[in-house]
Amino acid sequence: MISLPRSFFLQPTLKVAHDLLGKHIFRLLDNKLLIGTIVETEAYCHNDPASHSFRGKTERNKIMFHEGGYLYVYFTYGMHFCANIVTGKEGIGEAVLIRAVEPIAGIEVMMKNRFPKQKGIDRRSFINLTNGPAKFCQAFGIARNENGLDLLDSEIRITEGDVVPSHHIKHSSRIGIQHGKEKLWRFFIAGNPWVSR
DNA sequence: ACCATGATCCGCT
DNA sequence: GCGGATCATGGTT
């Protein structure tokens, strides 16, 4: 599948966060193809107290300072991973958090990754598959090893997806942060069942 | 001490 | 079914 071009990820972070809605995220995992539609994102900018990059480059966040188009995966709360798409120019620490996707393909694999013991699938677990940033990572098998992948040339890619009418896109304060709540940098497709809240 | 989360439990409809 | 409280668990600064 053809990835979006580098130029897409070099754009301003807020624009990328908005424009990623409706795009498809692909993951080749154990020879199986997983696909989801991105339905919820959050922008994290360089002068933003909520951003991991706010206090400068560290071993953990250094991928955020690459040019756009790389994957930044971080570990949090002792057990979860979250995935971001790095944006903007080399040397500036900005990224877009993928908060939720709608499963499109590879749903059996996602179910196995999220709920290994469960045998069937009901509406409850279908929604619960990918309606949060760490849930999405678990479903797609994204963890430490995927940190730093180039989205233009690896087993994880972003491709053209669905066109989302702009009046379906809403924005709000970001979730789970202490500082920067006044910034409305969370973007989501209104009414989509996989949006986290 | 804090943390860009998620699962569970509990009391209430 | 819900909404709120609580906790699990370990890396980072």
Side-chain angles (χ1 to χ4, degrees), chain A residues 9 12-14 16-18 20-21 25 36 38-66 68 70-88 92-103 110-118 121-149 151 156 158 170-189 191-197:
Chain A
F9 304 102
T13 300
L14 292 180
V16 176
H18 175 279
L20 275 172
L21 296 177
I25 182 158
I38 298 171
V39 300
E40 180 180 352
T41 63
E42 283 176 357
Y44 287 89
C45 296
H46 73 281
N47 55 352
D48 166 12
S51 174
H52 289 171
S53 62
F54 185 60
R55 294 173 207 290
K57 191 190 287 188
T58 67
E59 187 59 30
R60 179 205 205 192
N61 67 21
K62 62 184 182 186
I63 305 298
M64 289 186 78
F65 292 81
H66 285 205
Y70 290 82
L71 196 68
Y72 167 49
V73 181
Y74 68 89
F75 181 69
T76 191
Y77 291 106
M79 62 192 97
H80 299 301
F81 293 94
C82 295
N84 297 251
I85 292 169
V86 175
T87 54
I92 299 177
E94 305 203 338
V96 175
L97 173 68
I98 306 298
R99 280 200 58 90
V101 311
E102 174 174 343
M110 297 183 203
M111 281 296 294
K112 190 163 168 252
N113 289 342
R114 287 274 295 133
F115 314 113
K117 288 182 284 193
Q118 188 170 327
I121 180 169
D122 53 11
R123 172 129 190 112
R124 180 61 159 248
S125 49
F126 188 33
I127 301 295
N128 201 20
L129 224 38
T130 53
N131 63 343
K135 298 177 187 180
F136 155 69
C137 280
Q138 189 180 17
F140 275 65
I142 295 173
R144 287 193 174 82
N145 284 349
E146 285 68 38
N147 187 39
L149 285 183
L151 294 169
I156 299 177
I158 307 292
K170 302 209 169 182
H171 58 109
S172 75
S173 182
R174 293 169 293 178
I175 292 174
I177 58 168
Q178 303 306 315
H179 303 296
K181 287 181 175 160
E182 75 287 355
K183 297 179 169 68
L184 304 182
W185 288 356
R186 168 179 177 249
F187 300 87
F188 58 98
I189 300 176
N192 183 284
W194 279 270
V195 171
S196 64
R197 60 175 85 161

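Just so we're on the same page: letters track the sequence lines, and every chain starts at 1.
- Glu42(A) contributes no side-chain N or O that, together with a main-chain N or O of Arg99(A), makes up a donor-acceptor pair within less than 3.5 Å.
- Looking only at distances, no side-chain donor or acceptor of Asn131(A) sits under 3.5 Å from a matching main-chain atom of Trp194(A).
- Counting to the nearest Å, the C1' atom of dA4(B) and the CD atom of Glu40(A) are 11 Å from each other.
- Applying the salt bridge (charged side-chain N to carboxylate O under 4.0 Å, His left out) test to every pair with at least one member in residues 171-189 of chain A, sequence neighbours left out, gives these pairs: Glu40(A)-Arg186(A), Asp48(A)-Arg174(A).
- Counting only N and O atoms by type, the side chains of Asn128(A) and Ser125(A) include no donor and acceptor under 3.5 Å apart.
- Each of Thr87(A), Thr41(A), Ile25(A) was scored for a side-chain contact (heavy atoms from CB on, under 4.5 Å) with Leu20(A), with one residue passing: Thr41(A).
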Per-nucleotide protein contact string for nucleotides 5-13 of chain B, where B marks a base within reach and S marks sugar-phosphate only (heavy atoms under 4.0 Å, - for neither) = BSS------
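- Scanning for ring-ring contact (aromatic ring centres under 6.0 Å, His included) contacts around Phe136(A) gives Phe140(A), with sequence neighbours left out.
- Once you apply a 4.0 Å limit to the heavy atoms of chain A, the touched nucleotides of DNA chain C run 5' to 3' over dA8(C) to dT13(C).
- Stem regions for DNA chain C, each three or more consecutive Watson-Crick or G-U pairs with both distances under 3.5 Å and listed by first number, read B:1-3 with C:10-12, B:5-12 with C:1-8.
- A donor-acceptor contact shorter than 3.5 Å links the side chain of Asn61(A) to the backbone of His52(A).
- Between Phe81(A) and Phe75(A), the two ring planes are tilted [angle within 30° to 60°].
- Ser172(A) has its side chain within reach of Phe188(A): a pair of non-hydrogen atoms, C-beta onward, lies under 4.5 Å apart.
- Within residues 44-60 of chain A, the residues that have a heavy atom under 4.0 Å from DNA chain C are, in order of number, Thr58(A), Arg60(A).
- Within the 4.0 angstrom heavy-atom criterion, no nucleotide atom of any strand lies near Arg186(A).
- Heavy atoms only, all atoms of each residue included: Ser53(A) and Cys45(A) are closest at OG-O, 3.9 Å.
- Contact check for Arg123(A) versus Pro193(A): side-chain heavy atoms found under the 4.5 Å cut-off.
- For Phe75(A) and dA4(B), the CZ to P distance is 14 Å, given to the nearest whole Å.
- Checking side-chain atoms of Thr13(A) against main-chain N and O of Ala43(A) turns up no donor-acceptor pair under 3.5 Å.
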Could you walk me through whether Asn84(A) and Tyr74(A) pass the side chain to side chain contact (heavy atoms under 4.5 Å, CB included) test, one step at a time?
-> CA-CA 8 Å; Asn84(A) 297 251; Tyr74(A) 68 89; 3.4 Å; yes
